[in-house]
Enquirer: 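Mind having a look at this structure? Questions to follow.
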Number of protein chains: 2
Amino acid sequence: MDLPGQVNCETCRIRSCAVEVLDQQELDILKTNCAGAVYARNERIFQQGSLTSNIAYVKTGLVKIHKNGPSKDQILKLVKPPRFIGIPTVLGDKINNYSATALLPTTVCFIVTSTFKTLIMRNGRFANEVINSICQDELTFYDRSINQMQKQIHGRLADALLFLADEIFEADSFDLPLSQSDLGDYIHATRESVTRTLGRLKADGLIQVKGKNIKLIEKDMLRKISKLG
Amino acid sequence: MDLPGQVNCETCRIRSCAVEVLDQQELDILKTNCAGAVYARNERIFQQGSLTSNIAYVKTGLVKIHKNGPSKDQILKLVKPPRFIGIPTVLGDKINNYSATALLPTTVCFIVTSTFKTLIMRNGRFANEVINSICQDELTFYDRSINQMQKQIHGRLADALLFLADEIFEADSFDLPLSQSDLGDYIHATRESVTRTLGRLKADGLIQVKGKNIKLIEKDMLRKISKLG
DNA sequence: ACAAATTTGTGATATAGATCATAGTTCTGC
DNA sequence: GCAGAACTATGATCTATATCACAAATTTGT
C-alpha cells in the first residue's frame with residue numbers, strides 16, 4: 001500500500017455525487033479528514049473482523065468485496081469505482097463485516113467515519129445522495145442474489161462475463177482480473193466447474209480465450225444463456 | 001385491506017428510531033402525509049413492478065419480501081416490525097423492485113416518498129437513523145445470502161426455524177406463518193425437500209410438528225446443524 | 001534462469017437435491 | 001356440510017455439479 005497521503009477534495013476530479021453537493025466549508029472538513037492510498041493487485045484494502053474508523057471511497061481500479069462463509073470465502077460483489085465501500089461500518093460496532101481486496105491497481109480515499117457522519121447530519125442533500133447510493137447497491141445485490149440461486153452454472157458464468165464486459169471494462173475483450181478460483185467464489189462454483197464451463201463456452205465458439213484475455217464473440221448467445229439459466 | 005386512514009404520529013407507540021428524532025414541526029409534516037392500513041394474512045402490500053409514491057412502515061404483524069427470479073418467486077427476507085420497507089423506491093424510478101405480502105395480520109403506515117425525502121433533507125439525525133437501518137439490513141442480508149449459498153438443506157432449514165423462534169416469535173413453539181412451499185421459496189429448496197427435511201428433523205426428535213405448530217426440542221442440536229451446514 | 005508455488009486442464013466417481021408421479025389431508029367458499 | 005382447491009407426504013428416478021486425483025502450464029521470488 002502506497003500512501004499519497006494528503007488529498008484535495010476541492011479539486012478532485014473523481015468526486016462522488018454525494019460530495020458534489022457539499023459546500024466550501026464542508027469540503028474543508030472533508031479534506032482535513034481524508035487520506036488517499038494506492039493498492040496493488042491482490043492487496044487487501046480492509047479485512048473482515050478488523051476494527052476501523054474509516055469509510056473507503058474507491059476512486060480508480062477494481063475491488064472485490066468478500067466474506068467468510070461457513071465453508072469458504074465468497075465474493076459478494078465486484079465494485080467498480082467511483083463508489084463508497086464499507087458504509088455499513090457507520091453502525092455501532094465499527095468492525096468490518098467483510099473484506100475488500102484490490103483486483104487491479106486501485107486508488108482509495110479513506111474518510112474518518114465521524115466526519116462522514118457529521119456531513120450526513122449537516123447536509124441533507126449529502127445524506128440523500130448517500131441513501132440513494134446504498135439503495136442502488138441493495139437492489140443490485142438482490143438481483144444478483146436471486147440470479148446466483150436460480151441459475152445454473154452456465155447462466156451464472158455468462159452473467160459474470162457479460163458484467164465484466166459491459167459494466168466493468170466496457171469492452172468485449174478484456175483481461176480477467178480474477179483467477180478461475182476467484183471467479184468460482186464469485187459465481188458460487190468450484191474452480192474445476194469454472195474451467196470446464198469456460199472450456200465449453202470456448203468450444204462452442206461463444207468466447208475466445210488467450211491466457212488471461214477473454215473476448216466475447218457471441219454476446220447475444222451469452223445473453224440467451226444468461227436468461228435461460 | 002382495511003383502512004384506518006388518518007394516523008397520529010405524535011402519539012404513535014410504535015415509532016421507529018428515525019421518527020423519534022423528529023421535532024414537532026416535522027411530526028406535523030409526517031402526520032399529514034401518512035396513512036395507515038391493515039392487511040390480512042396473505043394480502044399483498046405492494047407488488048413488484050407497480051408504480052408507487054410511498055414508503056411503508058410495518059408496525060405490527062409479519063411481512064415477506066419476495067421477488068420474481070428467472071425460474072420462480074423467491075422470498076428475500078422476512079421482515080419483523082417495526083421496520084421500514086421499500087426505501088429503495090426513494091430512487092428515481094419509483095417502481096417497486098420487489099413485492100411485499102403479509103404473512104400475519106399486519107398494520108402498515110404509508111409515508112409519501114417526497115415527505116420522507118423532505119425529512120431526510122431537513123433533519124440530519126433522521127437521515128442518520130435511516131442510513132443505520134438500511135445498513136443493518138444490508139449486513140443481515142449478506143449473511144443470509146452466504147448461508148443460503150453454502151449450507152445444505154438441513155442447515156438452511158435449521159437456520160429458518162431458529163430465526164422464526166428467536167427473532168420473530170421469541171418462543172420455541174410457534175405456528176408456522178408460511179406454507180411448506182413458501183418455506184421452500186425462503187430457504188431455496190423445493191416443497192418436497194422441505195417436507196422430507198422437516199420429517200427428518202421430526203423423526204430425529206429435534207422438533208415436534210402438530211399441524212402448523214412447530215416446537216423446537218433440541219435447539220443446541222439445531223444450532224449445530226445450522227453451523228455445520 | 002531456475003526452483004517453488006500457484007493456476008489451469010481433464011477424467012472418474014459420488015451425491016444432494018431436483019423432478020416426476022401418485023395419494024392422502026386439510027382448508028375454504030358457498 | 002360438501003366439493004374443489006390448496007397443502008402435505010412419500011417413493012422412484014435423474015442430473016448438475018461437487019469431489020477426488022493427477023498432470024500440465026504459468027507465474028513468482030531470488
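What you see is a predicted model, and the numbers here were worked out from it, not measured in a lab. Within every chain, numbering begins at 1; the chains are lettered A, B, ... in the order of the sequence lines, protein sequences first and strands thereafter. These numbers come from the heavy atoms of this one structure, side chains and all, not from hydrogens, waters or symmetry mates.
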Enquirer: Write down the distance between CD (Gln180(A)) and P (dA24(D)), rounded to a whole number of angstrom.
Expert: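 In whole Å, dA24(D) P and Gln180(A) CD are 18 Å from each other.
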
Enquirer: Quick check on dT15(D): is either OP1 or OP2 less than 4.0 Å from any side-chain nitrogen or oxygen of Gln152(A)?
Expert: no

Enquirer: If you check the Arg156(A) side chain, which of dT8(D), dT17(D), dC20(D) turns out closest?
Expert: dT17(D)

Enquirer: Using atom NE2 of His154(A) as one end and atom P of dT17(D) as the other, report the distance to the nearest whole Å.
Expert: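 Computing the His154(A):NE2 to dT17(D):P distance gives 8 Å.
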
Enquirer: Starting from the 5' end of DNA chain D, give me the residue, Asn42(B) or Glu192(B), whose nearest nucleotide shows up first.
Expert: Asn42(B)

Enquirer: Roughly, in whole Å, what's the span from CG in Asp175(A) to C1' in dT7(C)?
Expert: 16 Å

Enquirer: So what does Lys202(B) hit on the nucleic acid, given a heavy-atom distance under 4.0 Å: a base, only sugar-phosphate, or nothing?
Expert: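 Nothing, no nucleic acid heavy atom in range.
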
Enquirer: Which one, dA18(C), dA9(D), dT8(C), comes nearest to the side chain of Thr190(B)?
Expert: dA18(C)

Enquirer: Please work out if Lys212(A) contacts a base, only the sugar-phosphate, or nothing of the nucleic acid, heavy-atom cut-off 4.0 Å.
Expert: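 Touches sugar-phosphate only.
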
Enquirer: From CD of Gln150(A) over to P of dA16(D), roughly how many Å is that when rounded to an integer?
Expert: 17 Å

Enquirer: Which of these passes side chain to side chain contact (heavy atoms under 4.5 Å, CB included) with Leu222(A): Asp159(A), Leu162(A), Leu157(A)?
Expert: Leu162(A)

Enquirer: Taking atom P of dA18(D) as reference, at what distance in whole Å does atom CG of Leu157(A) sit?
Expert: 12 Å

Enquirer: Take atom CG of Leu176(B) and atom P of dT26(C), then tell me their distance rounded to the nearest Å.
Expert: 16 Å

Enquirer: To the closest 0.5 Å, what do you measure between CG (Leu161(A)) and CG (Asp172(A))?
Expert: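 Result: 11.0 Å between the selected atoms.
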
Enquirer: To the nearest angstrom, how far is Met149(A) atom CE from dA16(C) atom P?
Expert: 19 Å

Enquirer: Using ring-ring contact (aromatic ring centres under 6.0 Å, His included), reason through Phe110(B) and Tyr57(B) one step at a time and then give a plain yes or no.
Expert: CA-CA 6 Å; Phe110(B) 288 100; Tyr57(B) 178 64; over 10 Å; no

Enquirer: Looking at dT8(D), I'd like to know if its phosphate oxygens (OP1 or OP2) sit under 4.0 Å from a side-chain N or O belonging to Thr195(B).
Expert: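 False: Thr195(B) side-chain N/O out of range (4.0 Å or more) of dT8(D) OP1/OP2.
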
Enquirer: For dG17(C), does either OP1 or OP2 sit under 4.0 Å from a side-chain N or O belonging to Ser193(B)?
Expert: no

Enquirer: Expressed in angstrom and rounded to an integer, what is the separation of Lys210(B) atom NZ from dT8(D) atom P?
Expert: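 Distance, rounded to whole Å: 18 Å.
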
Enquirer: May I ask you to say what Ser179(A) touches in the nucleic acid, namely base, sugar-phosphate or nothing, with a heavy-atom cut-off under 4.0 Å?
Expert: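 Sugar-phosphate contact only - Ser179(A) comes under 4.0 Å of backbone atoms but never of a base.
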
Enquirer: Is it the case that Arg144(B) places NZ or CZ above or below the six-membered ring of Tyr186(B), under 6.0 angstrom from the centre and within 45 degrees of the axis?
Expert: yes

Enquirer: So, are Lys80(A) and Glu170(A) salt-bridged, with charged N and O less than 4.0 Å apart?
Expert: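 Judged by the 4.0 Å cut-off on N to carboxylate O distance, Lys80(A) and Glu170(A) do form a salt bridge.
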
Enquirer: Do Arg191(B) and dA18(C) share a donor-acceptor pair, side chain to base, under 3.5 Å?
Expert: no

Enquirer: On DNA chain C, compare the nucleotides closest to Lys151(B) and Arg41(B); which residue's is nearer the 5' end?
Expert: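 Looking at DNA chain C, the more 5' nearest nucleotide goes with Lys151(B).
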
Enquirer: Compare the minimum distances between each of dG11(D), dG17(C), dT8(C) and the side chain of Arg196(B), then state the nucleotide with the smallest one.
Expert: dG11(D)

